[in-house]
S.K.: 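Take a look at this one; I'll ask things after.
The figures here come from the full heavy-atom set of this structure, side chains too, leaving out hydrogens, waters and symmetry mates. Numbers restart at 1 for each chain; the letters A, B, ... are given by sequence-line order, proteins then strands.
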Protein chains: 2
Amino acid sequence: MKGMTELLKGVLEGVVLQVIQNSEEAYGYQITSTLIELGFQDIVEGTVYTVLLRLEKKNLVTVEKRKSMVGPARKFYRLNDAGVTYLADFWQKWSFLVDQLIKIKR
Amino acid sequence: MKGMTELLKGVLEGVVLQVIQNSEEAYGYQITSTLIELGFQDIVEGTVYTVLLRLEKKNLVTVEKRKSMVGPARKFYRLNDAGVTYLADFWQKWSFLVDQLIKIKR
DNA sequence: GTCCAGTACTTAGTAATACTAGGTAAGGCC
DNA sequence: GGCCTTACCTAGTATTACTAAGTACTGGAC
């Protein structure tokens with residue numbers, strides 16, 4: 001869907017964290033594919049990587065580089081404790097927002 | 001709720017439009033109060049006014065200035081046809097996003 | 001009649017974040 | 001070698017909400 005950019009702000013971090021958690025660990029290229037499969041058609045690789053670097057900088061994930069047999073090395077991300085807490089907090093804020101919007105729409 | 005700033009991006013425009021539509025017409029100060037009442041505790045006046053000016057610039061609303069007996073003149077906003085369309089589009093995008101997030105959370 | 005609280009609107013500057021539009025590399029296949 | 005897929009990185013830009021002010025009008029307290 002077109003024009004989702006602004007709506008995605010603040011959401012993508014949580015979404016990426018959740019996708020990582022869903023598969024225990026995940027790497028950027030894989031996350032991008034997963035998101036596109038799930039319907040985020042317009043998500044671009046670059047966007048996902050900037051999110052991942054941000055998550056790393058915020059110390060919400062651990063990173064492990066491992067070689068691949070079909071291309072360059074992959075950077076596998078995993079949530080750490082702070083990441084798990086952050087994700088739970090994200091869903092709480094999200095639910096809150098959803099509830100507010102339901103109230104407004106009536 | 002704290003730290004909703006980023007989540008609000010892209011949402012506030014739709015929310016403000018909906019609040020205006022809910023009362024046929026509305027002015028900034030009133031919209032701010034309504035939002036705070038509805039739970040957006042941390043919304044600040046300045047934010048609402050910047051949204052309103054943006055909506056005006058995008059030609060989604062009509063504006064009428066009317067005197068008040070309890071303070072300065074009020075600027076009453078109303079959705080025009082483009083605003084109604086935009087709002088419908090906003091809710092469609094929002095629903096889409098909500099559905100995506102449900103899928104991801106599992 | 002002066003001061004203040006409540007009402008009402010405006011705006012310059014900042015921070016956060018998604019996108020644009022590239023680029024770099026490694027491996028496999030022809 | 002040339003090309004495709006996989007895989008990651010990044011400088012610059014646009015959008016948007018917030019910060020932190022300021023202006024101005026009305027009515028009541030004193």
Side-chain angles (χ1 to χ4, degrees), chain A residues 1-17 25-36 40-58 60-61 63-77 86 90 93 97 100, chain B residues 1-17 25-36 40-58 60-61 63-77 86 90 93 97 100:
Chain A
M1 180 151 349
K2 295 289 173 205
M4 298 285 292
T5 299
E6 295 307 325
L7 233 37
L8 284 178
K9 285 199 176 161
V11 175
L12 261 186
E13 266 188 23
V15 164
V16 168
L17 278 173
E25 61 173 14
Y27 57 97
Y29 193 82
Q30 174 193 3
I31 295 168
T32 307
S33 309
T34 303
L35 289 178
I36 291 173
F40 292 93
Q41 300 286 345
D42 305 317
I43 289 287
V44 167
E45 269 194 287
T47 301
V48 175
Y49 287 112
T50 54
V51 172
L52 286 170
L53 293 173
R54 208 158 67 228
L55 293 175
E56 200 178 338
K57 203 181 296 175
K58 286 186 183 179
L60 300 173
V61 289
V63 192
E64 197 194 336
K65 206 167 187 172
R66 292 210 295 273
K67 285 184 182 167
S68 160
M69 280 168 298
V70 294
R74 297 165 174 168
K75 279 177 75 179
F76 286 88
Y77 292 87
Y86 184 96
F90 164 74
K93 281 180 192 149
L97 185 61
Q100 296 311 312
Chain B
M1 179 151 348
K2 296 289 174 205
M4 298 286 291
T5 298
E6 294 306 327
L7 275 184
L8 285 178
K9 287 200 175 160
V11 175
L12 262 187
E13 265 187 24
V15 163
V16 168
L17 278 174
E25 63 174 11
Y27 57 96
Y29 193 82
Q30 174 193 3
I31 295 168
T32 306
S33 309
T34 303
L35 289 177
I36 290 173
F40 292 94
Q41 300 288 345
D42 304 317
I43 289 288
V44 167
E45 268 195 289
T47 300
V48 174
Y49 287 112
T50 54
V51 172
L52 287 170
L53 292 174
R54 208 157 65 228
L55 294 175
E56 201 179 336
K57 201 181 299 176
K58 287 185 181 177
L60 300 173
V61 290
V63 192
E64 197 194 336
K65 206 166 186 173
R66 292 209 295 274
K67 285 183 181 169
S68 159
M69 280 168 297
V70 295
R74 296 165 173 168
K75 278 177 75 178
F76 286 88
Y77 292 87
Y86 184 96
F90 164 75
K93 282 179 192 151
L97 185 61
Q100 295 311 314

S.K.: C/dT10 C1' sits how many Å from B/Ile31 CD1, rounded?
M.R.: 15 Å
S.K.: Using the side-chain heavy atoms of A/Ile43, tell me which of these nucleotides is nearest: D/dT19, C/dC9, C/dC19.
M.R.: C/dC19
S.K.: Which sits closer to the 5' end of DNA chain C, A/Ser68 or A/Val51, going by the nucleotide each is nearest to?
M.R.: A/Val51
S.K.: Whole Å only: how far is the OH atom of B/Tyr49 from the C1' atom of D/dG22?
M.R.: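 So the OH-C1' distance, B/Tyr49 to D/dG22, works out to 14 Å.
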S.K.: What is the nucleic acid contact for B/Thr47, judged by heavy atoms within less than 4.0 Å: base, sugar-phosphate only, or nothing?
M.R.: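 Base, at least one base atom sits under 4.0 Å.
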S.K.: Tell me whether the side-chain N or O atoms of B/Lys9 pair up with the base of C/dA16 as donor and acceptor below 3.5 Å, since no angle test is needed here.
M.R.: yes
S.K.: Find which nucleotide of DNA chain C each of A/Glu45 and A/Glu13 is nearest to by heavy atoms, and output the residue with the more 5' nucleotide.
M.R.: A/Glu13
S.K.: Mind checking if A/Gly28 touches a base, just sugar-phosphate, or nothing, with heavy atoms under 4.0 Å?
M.R.: sugar-phosphate
S.K.: How many Å lie between CZ on A/Arg74 and P on D/dC8, as a whole number?
M.R.: 8 Å
S.K.: How many whole angstroms separate atom OH of B/Tyr29 from atom C1' of D/dT26?
M.R.: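 From B/Tyr29 OH to D/dT26 C1': 13 Å.
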S.K.: Does NZ or CZ of B/Arg66 fall inside the cone over B/Phe76's six-membered ring, less than 6.0 Å from its centre and within 45° of the axis?
M.R.: yes
S.K.: Does C/dA16 have OP1 or OP2 sitting under 4.0 Å from an N or O in the side chain of A/Arg54?
M.R.: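 So the side chain of A/Arg54 is outside the cut-off, no N or O lying under 4.0 Å from OP1 or OP2 of C/dA16.
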S.K.: Side chain to side chain contact (heavy atoms under 4.5 Å, CB included) for B/Leu8 and B/Ile43? Distances and angles first, verdict last.
M.R.: CA-CA 10 Å; B/Leu8 285 178; B/Ile43 289 288; 4.0 Å; yes
S.K.: Mapping A/Pro72 and A/Thr50 to their closest nucleotides on DNA chain D, which lands nearer the 5' end?
M.R.: A/Pro72
S.K.: Looking at every heavy atom in both B/Met4 and A/Leu97, which two are closest together, and how far apart are they?
M.R.: CE-CB, 3.9 Å
S.K.: To the nearest Å, give me how far apart CG (B/Leu8) and C1' (C/dA16) are.
M.R.: 13 Å
S.K.: Without decimals, in angstroms, what is the distance between A/Lys65 NZ and D/dA7 P?
M.R.: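 Nearest whole value for this atom pair: 13 Å.
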S.K.: Between P on D/dT15 and CG on B/Leu53, what's the gap in Å once rounded to a whole number?
M.R.: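 Taking atom P of D/dT15 as the reference, CG of B/Leu53 is at 16 Å.
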S.K.: Between A/Gly28 and A/Val48, which heavy-atom pair has the shortest distance, and what is it?
M.R.: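 Nearest pair, atom of A/Gly28 first, then A/Val48: O-CG1, 4.0 Å.
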S.K.: Have a look at B/Leu12 and say if it touches a base, only the backbone sugar-phosphate, or nothing, with a 4.0 Å heavy-atom cut-off.
M.R.: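 Sugar-phosphate contact only - B/Leu12 comes under 4.0 Å of backbone atoms but never of a base.
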S.K.: So, A/Tyr86 side chain and A/Gly14 main chain: donor-acceptor pair closer than 3.5 Å or not?
M.R.: no
S.K.: Need one value for A/Lys75: base, sugar-phosphate or nothing, where a base atom within 4.0 Å counts as base even if backbone is also close, heavy atoms only.
M.R.: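 Sugar-phosphate, no base atom in range.
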S.K.: Rounded to whole Å, please give me the gap between CG in B/Leu52 and C1' in C/dC9.
M.R.: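 The distance from CG of B/Leu52 to C1' of C/dC9 comes to 10 Å, rounded to the nearest Å.
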